[in-house]
Trainee: 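One structure follows; several queries about it will come next.
By convention in this document, chain letters (A, B, ...) are assigned in the order of the sequence lines, proteins followed by strands, and residues within each chain are numbered from 1. Below, each value reflects all heavy atoms present in this structure, side chains not excepted, and no hydrogens, waters or symmetry copies. This structure is a prediction, so every number in the text was calculated from the model and none was measured.
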Amino acid sequence: MDDTYNPLEIEKKWYPIWEQKGYFKASGDAAAPSYSIVIPPPNVTGRLHMGHGFQHTLMDVLIRYHRMQGDNTLWQVGTDHAGISTQMVVERLLASDNISRHDLGRQKFVERVWDWKEESGGHITEQMRRLGNSTDWERERFTMDADLTDAVSKVFIQLYDEGLIYRGKRLVNWDPVLLTAISDVEVLNEETDGFLWHLRYPVKNSDEVLIVATTRPETMLGDTAVAVHPDDERYQHLIGQHIVLPLTEREIPIIADDYVDQEFGTGCVKITPAHDFNDYEMGQRHQLEMINILTPDAKINENAPVKYQGMDRFDARKQIIIDFETAGLLDKIEPHKLKVPIGDRGGAVIEPYLTDQWYVDIKPLAGPAIEAVEQGKVRFIPDNWSKTYFQWMNNIQDWCISRQLWWGHRIPAWYDDQGKVYVADSEQAVREKYDLAASVNLHQETDVLDTWFSAGLWPFSTMGWPENTDELKQFYPTSTLITGFDIIFFWVARMIMFGLKFTGEVPFKDVYITGLIRDEHGQKMSKTKGNVLDPIDLVDGISLDDLVEKRTYGLMQTHVKDKVIADTKKQFPDGIGVHGMDALRFTYCSLASTGRDIRFDLGRLEGYRNFGNKIWNASKFVLMNTEELTDGQQCLSLADQWILSRLQNTITEVRKQLDQYRFDLASQALYEFIWNEYCDWYLELCKPILYNDAVSAAEKNGTGHTLRAVLNTILRLLHPLMPFITEEIWQEVGTSDSIMVQAYPVTDENLINENAVQAIHLIQKIILGIRNIRGEMNIPPSKPLSLYLDQANEEQKNIIQHNENFLKALAKLGDIVWLDGEKAPASATALAGNIELFIPLAGLIDVAAETERLEREIGKLNKEVLKSQQKLGNESYTAKAPPAVVEKERQRLTESESALEKLTEQLKNLPSA
RNA sequence: AGACGCGUAGCUCAGGGGUAGAGCGCCACGUUGACAUCGUGGAGGUCGGCGGUUCGAAACCGCCCGCGUCUACCA
């Protein structure tokens with residue numbers, strides 16, 4: 001092994017070997033239990049971000065864990081075509097050459113996107129390889145692969161034929177920049193400071209005026225009614241009369257509807273059925289005219305007065321306010337908080353807009369999907385996410401699935417010249433299915449499907465559905481889905497609905513929902529905030545200059561840019577160092593506690609890089625000291641028995657935590673055992689055996705074998721979390737095969753040895769007592785000390801006598817003397833339980849310091865004694881608390897009292913300073 | 001307006017009816033033959049507040065305060 005731990009070198013070495021040897025493939029062992037995960041397919045042209053790194057790491061841990069247990073394990077990998085995002089990226093690329101997609105035309109443009117996919121599509125999969133993801137690359141799929149596209153068609157056609165997909169004209173969420181409809185879940189509602197404009201609407205043939213309040217004055221051009229509450233006494237006499245709509249001079253009715261809140265504003269509401277979802281419904285109820293006043297790109301159209309035509313919606317807003325004011329019809333303006341609908345991709349303000357779109361009648365699919373979760377067929381982890389799921393599913397609205405984009409699955413529908421719709425998977429199929437003559441002219445629907453439509457089929461379309469393949473039989477339903485809460489609606493719910501509908505089974509049994517990775521201040525990481533951390537930079541390291549360059553790239557506003565530069569320089573004055581992927585993976589695991597977002601803490605990452613270093617050096621030590629192991633006799637020391645016993649507890653703990661998705665607790669158990677027990681204590685306890693010529697060959701051999709055996713087990717236990725370093729060391733310690741294909745450790749009850757654990761615990765307490773004296777008294781660690789002991793019982797005495805070597809080595813002792821009741825010389829004192837420890841002063845101990853130290857200890861003990869006495873003096877406590885608890889308290893009191901007495905006595909015995 | 005979550009050491013977080021934990025940071029000492037990416041010792045918290053249940057609450061319940069997220073919205 002190299003002298004120093006060099007993670008980057010190790011990490012680049014092993015992945016190609018694993019992949020080439022086919023270790024990522026499912027074993028195909030039909031007798032073994034199946035374990036499968038489908039990856040949430042990342043955007044094919046995307047880049048790996050912290051969220052991917054996090055989720056992929058957790059998936060890989062589970063996959064490697066199950067694979068090592070001998071399960072027939074599949075991690076299905078692939079990428080998503082990500083309709084809007086990908087189209088936007090390519091359009092932006094074209095724009096830099098001053099080309100629009102319309103210049104190219106649909107076919108050429110789509111070809112360009114495919115080219116772009118070929119060009120950049122390998123990027124994210126390369127990054128996944130760096131992560132160590134043991135996905136089965138031979139089964140890699142893309143949502144627009146031919147067979148997955150066939151599955152999409154089949155699903156669409158079947159749903160259409162069953163009446164569960166329909167086409168209709170209604171209000172949709174329209175993105176006037178991207179020029180496409182989007183679904184409800186793609187709209188973000190951002191709270192914004194806006195205004196409430198109060199407009200005066202004159203009543204026809206009357207002096208009266210109704211005042212309506214609106215946040216969007218420009219929509220008044222499309223008003224077709226004013227509504228009041230039917231019981232509102234103020235307006236009773238006006239119901240049925242008409243308003244002369246200012247600026248347009250159209251006459252619109254005053255109607256009554258109990259949707260109106262009398263308390264809000266003036267109690268009069270302007271109704272614009274073509275541009276507001278609530279107004280649309282009211283329009284339906286009252287058969288109101290619908291006047292669309294916007295062009296697809298949200299300019300005022302020809303249905304409005306000429307003056308406003310062609311104006312952008314926000315310019316029109318300003319102009320209309322001016323015109324109302326000029327006409328004396330602007331009553332007042334109030335500041336008002338409102339939610340503005342924003343498209344989650346483009347960021348444009350969404351318009352409710354009247355268009356023809358395709359919808360899924362979703363309620364019939366939602367019912368069974370709700371039941372599946374209620375019945376526990378699908379389990380959310382943590383469980384509270386099922387509430388979020390129910391809440392949405394119980395109020396689910398029909399799903400708009402058509403998009404006016406060019407990149408995506410083309411909807412398999414054709415129209416004849418009369419606009420009649422035919423659905424089948426090709427024009428030929430349409431003609432056959434609907435028995436159309438060759439003379440009937442057909443043209444295909446130009447819309448594509450929402451990306452999430454194909455994503456919803458992912459768990460079974462990737463496994464060959466609709467064919468009844470072996471993959472489906474073995475791996476479907478899948479075992480666990482790991483994903484973020486942000487796509488429960490987008491993706492998880494739809495997979496459950498489609499899975500149940502088309503396979504009759506749930507797509508997965510457990511859904512593990514991860515928190516969001518935020519920056520150290522709890523802020524969402526985003527390009528515009530300039531606080532993004534790239535997982536690869538954490539692994540490879542990056543200079544401050546490069547990091548600043550990366551974070552400010554594309555930032556336009558100088559004050560934002562300056563802040564990003566300042567923040568970055570402050571947080572990373574020296575850039576980011578090399579940490580290695582194993583450290584990053586372990587960090588992800590350690591932060592993966594359930595049900596909360598994660599503030600990414602660089603300190604943790606550094607700590608776990610150090611952990612890798614620790615393992616490296618410990619392994620080096622083991623190898624150096626176990627070169628001459630024999631098959632001969634092995635005699636196990638107390639320490640050997642102890643560490644083997646503790647190892648069993650660790651195995652049990654790690655398995656338990658992995659089984660219940662507590663990656664944080666699993667990593668903690670490993671960290672604590674490896675560092676605090678194996679390295680800090682066991683390696684040190686081995687030294688007096690290995691380095692002492694007086695120790696028998698059998699004992700040395702026993703310790704050597706134990707050192708190796710424990711390391712061997714540690715590596716296998718740790719491998720799912722830190723695959724690279726464990727593989728590298730395994731090559732030295734284990735067999736020549738890869739650690740990937742070794743068995744995951746199983747607890748061996750025979751090695752649990754409570755006596756050894758207790759005995760080592762005693763030894764540790766003595767050593768800690770002496771070290772405490774050394775530390776507090778500033779006695780150099782190199783200075784050997786004499787130890788006087790008293791008050792030990794026979795059993796303890798026996799243990800200590802047989803293990804003096806440990807004490808002498810770890811506490812750096814010279815003589816060990818038993819007092820047997822004799823008075824100790826003037827000493828510093830410590831207690832190890834009932835045992836009194838004396839370190840003779842003999843000129844090296846500062847009496848004043850020792851006095852102070854003892855007084856401090858005595859103070860603590862006094863408090864403890866008091867506390868115990870109070871408890872035990874309470875009759876209801878002794879009567880009602882469990883006897884075991886009371887007994888424990890009694891023991892505690894006895895021990896504290898005895899300790900107090902001993903230390904007080906010792907304080908008295910100190911020579912006066 | 002509902003729903004969910006969070007508030008524990010300076011920071012990032014575990015824990016959970018029976019004497020408050022980890023990592024990082026801090027202080028002191030130390031190059032003892034795996035490791036200074038280290039070792040040893042130490043300091044540091046009335047577990048957001050107030051009530052209640054209980055022999056016992058940081059933990060369970062209620063209310064309040066603060067923070068966050070989601071859903072639905074009054075134009």
Trainee: Given B/A34, B/C55, B/A75, identify the nucleotide with an atom nearest to the side chain of A/Pro882.
Mentor: B/C55
Trainee: Taking only the side-chain nitrogens and oxygens of A/Lys614, find out if one of them lies under 4.0 Å from OP1 or OP2 of B/G39.
Mentor: yes
Trainee: When the ring planes of A/Tyr608 and A/Phe611 are compared, do they come out parallel, tilted or perpendicular, using 30° and 60° as the limits?
Mentor: perpendicular
Trainee: Of the listed nucleotides (B/G23, B/U37, B/U19), which one gets closest to any side-chain atom of A/Arg609?
Mentor: B/U37
Trainee: By the 4.0 Å heavy-atom rule, please label A/Asp261 as base, sugar-phosphate, or nothing.
Mentor: base
Trainee: Taking only side-chain N and O atoms of A/His336, does any of them lie within less than 4.0 angstrom of OP1 or OP2 on B/A75?
Mentor: yes
Trainee: When you check the phosphate oxygens OP1 and OP2 of B/C38, does a side-chain N or O of A/Asn610 lie under 4.0 Å from one of them?
Mentor: yes
Trainee: Using a heavy-atom cut-off of under 4.0 Å over every strand shown, decide if A/Glu776 touches base, sugar-phosphate, or nothing.
Mentor: sugar-phosphate
Trainee: Report the base-pairing partner of B/G25 (Watson-Crick or G-U wobble, both distances below 3.5 angstrom), or none.
Mentor: none
Trainee: Within the modelled atom types, does a donor on one side and an acceptor on the other bring the side chain of A/Glu684 and the base of B/A34 under 3.5 Å apart?
Mentor: yes
Trainee: Can you figure out which of B/U19, B/G39, B/G41 approaches the side chain of A/Asp680 most closely?
Mentor: B/G39
Trainee: Quick check on RNA chain B: between A/Val185 and A/Phe611, whose nearest nucleotide comes earlier from the 5' end?
Mentor: A/Phe611
Trainee: Would you say A/Lys620 places a side-chain N or O within less than 4.0 Å of OP1 or OP2 belonging to B/A34?
Mentor: no
Trainee: Could you give the distance separating B/G7 and B/C60 at their P atoms, to the nearest angstrom?
Mentor: 11 Å
Trainee: Reckon A/Asn874 has a side-chain N or O less than 4.0 Å from the OP1 or OP2 of B/G56?
Mentor: no
Trainee: Salt-bridge test for A/Glu218 and A/Arg216: reply yes if a basic N is under 4.0 Å from a carboxylate O, no otherwise.
Mentor: yes
Trainee: So, does A/Ser593 get its side chain near the phosphate of B/A14, meaning an N or O under 4.0 Å from OP1 or OP2?
Mentor: yes
Trainee: Partner of B/U32 by Watson-Crick or G-U wobble geometry, both contacts under 3.5 Å, or none?
Mentor: none
Trainee: Of the candidate nucleotides B/A14, B/G68, B/G18, which contains the atom at the shortest distance from the side chain of A/Arg518?
Mentor: B/G68
Trainee: Any salt bridge linking A/Glu334 with A/Lys332? Criterion: basic side-chain nitrogen under 4.0 Å from a carboxylate oxygen.
Mentor: yes
Trainee: Does A/Leu768 reach a base, just sugar-phosphate, or nothing at all? Heavy atoms under 4.0 Å.
Mentor: sugar-phosphate
Trainee: Quick one: A/Ile674 CD1 to B/A34 C1', roughly how many Å, whole number?
Mentor: 15 Å
Trainee: Is there a side-chain polar atom (N or O) of A/Lys687 under 4.0 Å from OP1 or OP2 of B/A34?
Mentor: yes
Trainee: Quick one: label A/Thr214 by what it contacts on the DNA or RNA (base, sugar-phosphate, nothing), any heavy atom closer than 4.0 Å.
Mentor: sugar-phosphate
Trainee: Base, sugar-phosphate alone, or nothing: which one does A/Arg771 contact when heavy atoms must sit under 4.0 Å apart?
Mentor: sugar-phosphate
Trainee: Is B/G45 paired to anything, Watson-Crick or G-U wobble with both distances less than 3.5 Å, and if yes, which nucleotide?
Mentor: none
Trainee: Separation of A/Ile725 atom CD1 from B/A34 atom C1', in whole Å?
Mentor: 13 Å
Trainee: Tell me which of A/Glu263 and A/Lys880 sits closer to the 5' end of RNA chain B, going by the nucleotide each one is nearest to.
Mentor: A/Lys880
Trainee: Taking side chain as C-beta onward, heavy atoms only, is A/Ser386 less than 4.5 Å from A/Asp383?
Mentor: yes
Trainee: Rounding to an integer number of angstrom, what distance separates B/G49 and B/G66 when you compare their P atoms?
Mentor: 15 Å
Trainee: Can you check whether A/Arg892 has a side-chain N or O nearer than 4.0 Å to OP1 or OP2 of B/U19?
Mentor: yes
Trainee: What's the closest nucleotide to the side chain of A/Ala881 if the choices are B/A34, B/U12, B/G18?
Mentor: B/G18
Trainee: How is A/Arg853 classified with respect to the nucleic acid when contacts are heavy atoms under 4.0 Å: base, sugar-phosphate, or nothing?
Mentor: nothing
Trainee: Could you give the distance separating B/G23 and B/C29 at their C1' atoms, to the nearest angstrom?
Mentor: 22 Å
Trainee: Once you apply the 3.5 Å cut-off to both distances, tell me the Watson-Crick or G-U wobble partner of B/U37, or none.
Mentor: none
Trainee: Over how many whole Å does the gap from A/Tyr608 atom OH to B/C24 atom P extend?
Mentor: 9 Å
Trainee: Using the ring of each side chain (for Trp, its six-membered ring), is A/His336 parallel, tilted or perpendicular to A/Phe264, with breaks at 30° and 60°?
Mentor: perpendicular
Trainee: Nearest-Å distance, CG (A/Leu188) to P (B/C73)?
Mentor: 15 Å
Trainee: With rounding to the closest Å, how many angstrom separate the C1' atoms on B/G56 and B/U40?
Mentor: 38 Å
Trainee: Base, sugar-phosphate, or nothing for A/Tyr671, non-hydrogen atoms under 4.0 angstrom?
Mentor: sugar-phosphate
Trainee: A/Lys812 has an atom NZ; how far is it from atom C1' of B/C29, in whole Å?
Mentor: 16 Å
Trainee: Please give the nucleotide sitting opposite B/A1 as a Watson-Crick or G-U wobble pair, both distances under 3.5 Å, or none.
Mentor: B/U71
Trainee: Would you mind reading off the distance between A/Trp385 atom CH2 and B/U71 atom P, rounded to a whole angstrom?
Mentor: 10 Å
Trainee: Quick one: sort the A/Trp385 and A/Phe485 rings into parallel, tilted or perpendicular, breaks at 30° and 60°.
Mentor: parallel
Trainee: I need the CD-C1' distance between A/Glu852 and B/A43, as an integer number of Å.
Mentor: 13 Å
Trainee: For B/C24, does either OP1 or OP2 sit under 4.0 Å from a side-chain N or O belonging to A/Arg604?
Mentor: no
Trainee: Taking any strand in view, what nucleotide pairs with B/U53 in a Watson-Crick or G-U wobble way, both distances under 3.5 Å?
Mentor: none
Trainee: Ignoring the backbone of A/Arg662, work out which of B/G15, B/U32, B/A34 is nearest its side chain.
Mentor: B/G15
Trainee: Should the ring pair A/Tyr512 and A/Tyr661 be called parallel, tilted or perpendicular, given that the plane angle runs from 0 to 90° and is split at 30 and 60?
Mentor: tilted
Trainee: Expressed as a whole number of Å, how far does the P atom of B/G68 sit from that of B/C13?
Mentor: 15 Å
Trainee: Whole-Å distance between B/A22 P and A/Phe586 CZ?
Mentor: 16 Å
Trainee: Expressed in whole Å, how much space separates the C1' atoms belonging to B/A72 and B/G10?
Mentor: 41 Å
Trainee: Between A/Glu889 and A/Arg892, does any NZ, NE, NH1 or NH2 come within less than 4.0 Å of an OD or OE carboxylate oxygen?
Mentor: yes
Trainee: Looking at B/A14, B/C55, B/A72, which one has an atom nearest to any side-chain atom of A/Asn189?
Mentor: B/A72
Trainee: In plain terms, say whether A/Asp193 and A/Lys337 are close enough for a salt bridge, that is, a side-chain N and a carboxylate O under 4.0 Å apart.
Mentor: yes
Trainee: Who does B/C6 pair with, Watson-Crick or G-U, both distances under 3.5 Å?
Mentor: B/G66
Trainee: What's A/Trp675 touching, base or sugar-phosphate or nothing? Going by heavy atoms closer than 4.0 Å.
Mentor: sugar-phosphate
Trainee: Using atom C1' in both nucleotides, what's the gap between B/C63 and B/G21 to the nearest angstrom?
Mentor: 30 Å
Trainee: Could you tell me whether A/Glu684 and A/Lys687 make a salt bridge, using a distance below 4.0 angstrom between a side-chain N and a carboxylate O?
Mentor: yes
Trainee: According to the Watson-Crick and G-U wobble definitions, with both distances under 3.5 Å, which nucleotide is paired to B/U19?
Mentor: none
Trainee: Between A/Lys387 and B/C4, is there a side-chain N or O to OP1/OP2 distance below 4.0 Å?
Mentor: yes
Trainee: Quantified in whole Å, what is the C1' atom distance between nucleotide B/A9 and nucleotide B/A20?
Mentor: 10 Å
